[in-house]
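Data block below; observations after.
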Number of protein chains: 2
Amino acid sequence: MKMSGGVEWGLHCCVVLSGSGEPVPAARLAEFHDVSATYLAKQLQALSRAGLVRSTQGQAGGYALTRPAAEISVLEVVEAIDGADPAFRCTEVRQRGPLAAAPEACTRPCGIAAVMGAADRAWRESLRAVTIADLAADVTRTVGVDTLPRARAWLTR
Amino acid sequence: MKMSGGVEWGLHCCVVLSGSGEPVPAARLAEFHDVSATYLAKQLQALSRAGLVRSTQGQAGGYALTRPAAEISVLEVVEAIDGADPAFRCTEVRQRGPLAAAPEACTRPCGIAAVMGAADRAWRESLRAVTIADLAADVTRTVGVDTLPRARAWLTR
DNA sequence: GCTGACGTACTCGGATAACGTTTGTCCGAGTCCGATAGG
DNA sequence: CCTATCGGACTCGGACAAACGTTATCCGAGTACGTCAGC
């Protein structure tokens, strides 16, 4: 039960990208966060495929959010990078073994899968309730008012 | 974001073990579910280490629940097999890079980690609310009243 | 002076290796039951 | 007939490989800007 480490990077990138329409190159974002440039590029590609960011090629190109930060939930970023598949995958154990239940006798999903599905939905709902704008506001409140503006200035230097 | 497949096996084992104090060998449980005996043994060992089941050695030995099924939550089984560590691990990205925040300026946890932690708690709370007895009752209701008694009879044949 | 085309440098994107974790397997230590021999 | 001892077989437990997924990396395709020649 482990989430991809790229999720954290992707979220941080979305936060610093919020509020500025200027495209920022992946290499710049990587240098800012002091992480592997090539691997961060992979995460940004995933965000691009999901339609959360728009990529611009050529000089002065880079990545920018496609929507206002207030309209992007944390869940979307997580699902874009880590995948939208539920953590639990039912293998229909009931239908195996000497006393296997007939497939038609099995209500879908089975009790175990239902519990896991409910927990998964609770988890996703919790992430859906928070937006990138909320995260940015939190940074402003806890670390300092000028933190994000300074970051944006550095990124678009 | 993927849960260990052994969790499903462990839960099914707990369900069929509920209600009978008789120890059941791991090999028998594996045959019943038609899964790898050696690997299932590994999961049962994890449950044993967590104190959810008690192992008895020698002839007529095996595994049995230590507590009534109504007092064992699904969460306990999941944490015993899949580990209790949260899925998200904060690497303190804020403290890296050219504009790194000073460690003392960072409130713990940071906004991102806080959101992830809340989602994790929601997930766990959802799993904590269901017990093995609930799962057993669901089987009785959906598949058939005699399903579990027949399974127990087969296991202790 | 203006316009068009060209070259260049910079960007992303997908295909390609290395590592770690999970999955799967094996054999050894420990223990209980049954058989057996003695009282 | 009862009891203590011994043998055997069955059990779990931890240590040992293989496979998958994640992590990390590279090079090629595409595009926008700046330059330069022509009108």
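Note that the coordinates shown come from a computational prediction; the quantities given were computed from them, not determined experimentally. In what follows, every chain begins at residue 1, and chains take the letters A, B, ... in the order their sequences are listed.
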### Task
Please list, chain by chain and in numerical order, all residues satisfying side-chain contact (heavy atoms from CB on, under 4.5 Å) with B/Asp82, sequence neighbours excluded.
A/Met1, B/Met3, B/Ser4, B/Val7, B/Val78
### Query
Within this structure, what is the CD-to-P distance between A/Glu31 and C/dC10, rounded to whole angstrom?
14 Å
### Summary
Of all heavy-atom pairs linking A/Cys110 and A/Arg94, the shortest is CB-CZ, 3.1 Å
#### Entry: Boundaries of the DNA chain D segment in contact with chain B, non-hydrogen, under 4.0 Å
D/dC10 to D/dA15
### Message
Run the side-chain hydrogen bond (donor to acceptor under 3.5 Å, both in side chains) test on A/Thr131 and A/Glu71 for me, step by step, so that the C-alpha distance in whole Å, both residues' side-chain angles and the decisive distance to 0.1 Å come before the verdict.
### Response
CA-CA 7 Å; A/Thr131 69; A/Glu71 297 176 14; over 6 Å; no
Using atom types as modelled, flag every donor-acceptor pair under 3.5 Å from a side chain in residues 137-145 of chain A to any protein atom, sequence neighbours excluded.
{"from": "A/Asp138", "atom 1": "OD2", "to": "B/Gly111", "atom 2": "N", "distance (Å)": "3.4"}
{"from": "A/Thr140", "atom 1": "OG1", "to": "A/Ala136", "atom 2": "O", "distance (Å)": "3.2"}
{"from": "A/Thr142", "atom 1": "OG1", "to": "A/Asp138", "atom 2": "O", "distance (Å)": "2.8"}

#### Entry: Euclidean distance, B/Leu52 CG relative to B/Cys13 SG, rounded to 0.5 Å
12.5 Å
#### Entry: Nearest atoms (heavy-atom pairs only) where A/Ile72 meets A/Glu76
CA-OE1, 3.6 Å
#### Entry: Nucleic acid contacts - residues 44-69 of chain B versus DNA chain C, non-hydrogen atoms under 4.0 Å
B/Gln57, B/Gly58, B/Gln59
### Task
Calculate the interatomic distance between B/Arg89 atom CZ and C/dG20 atom P; express it in whole Å.
16 Å
### Message
By the 4.0 Å heavy-atom rule, please label A/Ala26 as base, sugar-phosphate, or nothing.
### Response
sugar-phosphate
### Task
Identify the heavy atoms of B/Ala151 and B/Val16 that sit nearest to each other, and give their distance.
CB-CG1, 4.4 Å
Nucleotide N/O to protein N/O under 3.5 Å, stretch nucleotides 23-27 of chain C:
{"from": "C/dT23", "atom 1": "OP1", "to": "B/Gly5", "atom 2": "N", "distance (Å)": "3.0"}
{"from": "C/dT23", "atom 1": "OP2", "to": "B/Ser4", "atom 2": "OG", "distance (Å)": "2.8"}
{"from": "C/dT23", "atom 1": "OP2", "to": "B/Tyr39", "atom 2": "OH", "distance (Å)": "3.2"}
{"from": "C/dT23", "atom 1": "O5'", "to": "B/Tyr39", "atom 2": "OH", "distance (Å)": "3.2"}
{"from": "C/dT25", "atom 1": "OP2", "to": "B/Ser36", "atom 2": "OG", "distance (Å)": "2.7"}

Anything under 3.5 Å between a donor and an acceptor, one on a side chain of residues 37-48 of chain B, the other on a protein residue two or more places apart or in another chain? List them.
{"from": "B/Thr38", "atom 1": "OG1", "to": "B/Ser36", "atom 2": "OG", "distance (Å)": "3.3"}
{"from": "B/Tyr39", "atom 1": "OH", "to": "B/Gln43", "atom 2": "NE2", "distance (Å)": "3.3"}

### Message
Quick check for you: to the nearest 0.5 Å, what is the distance between A/Leu17 atom CG and A/His12 atom NE2?
### Response
13.0 Å
### Verdict with reasoning, A/Leu11 to A/Ile81, per side-chain contact (heavy atoms from CB on, under 4.5 Å)
CA-CA 10 Å; A/Leu11 285 171; A/Ile81 294 177; over 6 Å; no
